[in-house]
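Given the structure is predicted, the values throughout are model-derived calculations rather than measurements. Residue numbers start from 1 in every chain, and the chains themselves are labelled A, B, ... in the order their sequence lines are given, proteins ahead of strands. Values below: all heavy atoms of this structure, side chains included; hydrogens, waters and symmetry mates excluded.
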Protein chains: 2
Amino acid sequence: MENSFCSEYWPENQDSVYLLPQVPCYFPQIQCSHESFQERRESATRSHSEAEKRLRDRINAQLSTLRKLIPTSEKMDKAALLGTVVDHVKDLKGKTAEISKVLNTPTDIDEVTIEHLNEEEENKGCLLKASFCCDDRPELFSELQRGIKNLKLTVMGADITSLGGRIKGVFMLCPNQNSANDVCMNSLKRSLRVVLSRIAISPSTSNYRIKSKRQRFFLPAHFS
Amino acid sequence: MENSFCSEYWPENQDSVYLLPQVPCYFPQIQCSHESFQERRESATRSHSEAEKRLRDRINAQLSTLRKLIPTSEKMDKAALLGTVVDHVKDLKGKTAEISKVLNTPTDIDEVTIEHLNEEEENKGCLLKASFCCDDRPELFSELQRGIKNLKLTVMGADITSLGGRIKGVFMLCPNQNSANDVCMNSLKRSLRVVLSRIAISPSTSNYRIKSKRQRFFLPAHFS
DNA sequence: CACCACACGTGAGTC
DNA sequence: TGACTCACGTGTGGT
């Protein structure tokens, strides 16, 4: 055990170490530092144990922040702590999944979709269903309202859900009464998509966004 | 390192081990097993290393189930895995907290409360607000309906939220039109509390229930 | 070769 | 005292 430090590039034991030449090298450019093999060996094992200490500390730091997140996890050993963490994660995952089934919860993928309801009657009383999903931010609604107004559309209904810094919205839109009757629904759809995409999808990171690790949380905002 | 096994009840080194008496004891009732100190020492260190192995295995088992719960956590080292677990827990906790602010989410404490609205007009058109929180189960609603009907109460409105196997409900109740006008609201309150408590609070574990670790998840059920 | 992450056995502390 | 948990240093394999 004491002399088990025996990789192929280290001498088998201390005795043979002292048999190896420790004279300065004749070629200065490849002359290594004057530390002996003994010293190199010691510094290697020292740095090894220091690295191991760092690794342990990193893991233990995460464990202790987990401990802060789990109530009554004081005085639990590591395995028990991890066990309750597993339970918490399962529990919370189940709850949020359950909620998503009823609440039309935002995902973490930016998207804009435009649908065309009442296709048969092309122009009169036609409804567009526009949905988007993006990061939530305070100016979002005013920007959306301005964009919708500029396209001469009226919001007939809306369903908005904001959760965990993300927001998902569905608008029911129809052309203004006083707008020209000859408006082409397909070009309107295209313009609407462009407008919404510009507002909802951040241009720099057009999907596969770099998200900040810490999320912001807002209360659901309701469009009136 | 090899001879560092030197607690006060173990001989300092091998040599002294063999100097210790190994003759059978004269008092049979305290005659210990005939294994030598050497053997006892070996079995002790063996059981120690086996216990340590069991501990490591327990911890690693929890880590690998955590790995299954976290997508894309393959090829992460332990510290990184725990880091993303921390993020997930924070994220999910924030989301459920956010939802609880709007949704009147059930807690994990059984309770029944009865409130008295419109106190000034004692008998006519009086409203009772009855809320409960308990484990969800299929027969719950029919039992509640039967209890409410037996007390000659009418459900004017209800707000029910079921989440993670728990359910929280608020009923707005008023006495039936055709029930006697001289019904005493205080005794009605008392009866209602008794009836609801019998239904909602499991008698065996009147609070501080023993919960099964794995939770059931139901979709929110709505009272119509 | 150097670094890293893991598993292992061991010393020390607790109950 | 034994059983258990933790921190530590070391051996080892992978990159």
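- In terms of position on DNA chain C, the residue among B/S49 and A/S47 whose nearest nucleotide sits closer to the 5' end is A/S47.
- A salt bridge is absent between A/D159 and A/K129: the closest approach of a Lys/Arg side-chain nitrogen to an acidic carboxylate oxygen does not fall below 4.0 angstrom.
- Tested against B/L82, the residues A/V85, A/L82, A/N60 include a single side chain to side chain contact (heavy atoms under 4.5 Å, CB included) partner, A/L82.
- Checking B/D136 against B/S162 by side-chain atom types alone, a donor-acceptor pair falls below 3.5 Å.
- Within a 6.0 Å radius of NZ in A/K189, more than 12 heavy atoms belonging to other residues, nucleotides or ligands are found.
- When side chains are defined from C-beta on, A/K53 counts as touching A/D57, because their heavy atoms get closer than 4.5 Å.
- Residues of residues 59-82 of chain B having a heavy atom closer than 4.0 Å to DNA chain C, listed by number: B/N60, B/D77, B/K78.
- When distances run from any side-chain atom of B/H48 to the nucleotides C/dC4, C/dA5, D/dC6, the shortest one goes to D/dC6.
- For the residue pair B/T113/B/S131, the side-chain donor-acceptor check at 3.5 Å is satisfied.
- Atom-to-atom, CD of B/E52 to C1' of D/dC4 comes out at 9 Å; the value is rounded to the nearest Å.
- Judged as a side-chain hydrogen bond (donor to acceptor under 3.5 Å, both in side chains), and not counting sequence neighbours, the contacts of B/E139 are B/R137.
- One can place CG of A/L55 at 16 Å from P of D/dT10, the figure rounded to the nearest angstrom.
- The side chain of A/R58 lies closest to C/dA5 when the candidates are D/dC4, C/dA5, D/dC6.
- Side-chain contact between A/I160 and A/F141: present, with at least one pair of heavy atoms (C-beta onward) separated by less than 4.5 Å.
- The closest side-chain heavy-atom distance from A/R67 to A/L81 is below 4.5 Å.
- Distances shorter than 4.0 Å separate some side-chain N or O of A/K53 from OP1 or OP2 on D/dC8.
- For B/E50 against D/dC4, no side-chain N or O and base N or O form a donor-acceptor pair under 3.5 Å.
- Distance A/R46 CZ to D/dT10 C1': 15 Å, rounded to the nearest Å.
- In the helix from C/dA2-D/dT15 to C/dC15-D/dG2, the end axes, each obtained as the rotation axis mapping the C1' atoms of four pairs onto the next four within a five-pair block, lie 0° apart to the nearest 10 degrees.
- Of the side-chain N and O atoms in A/R56, none sit less than 4.0 angstrom from OP1 or OP2 of C/dA5.
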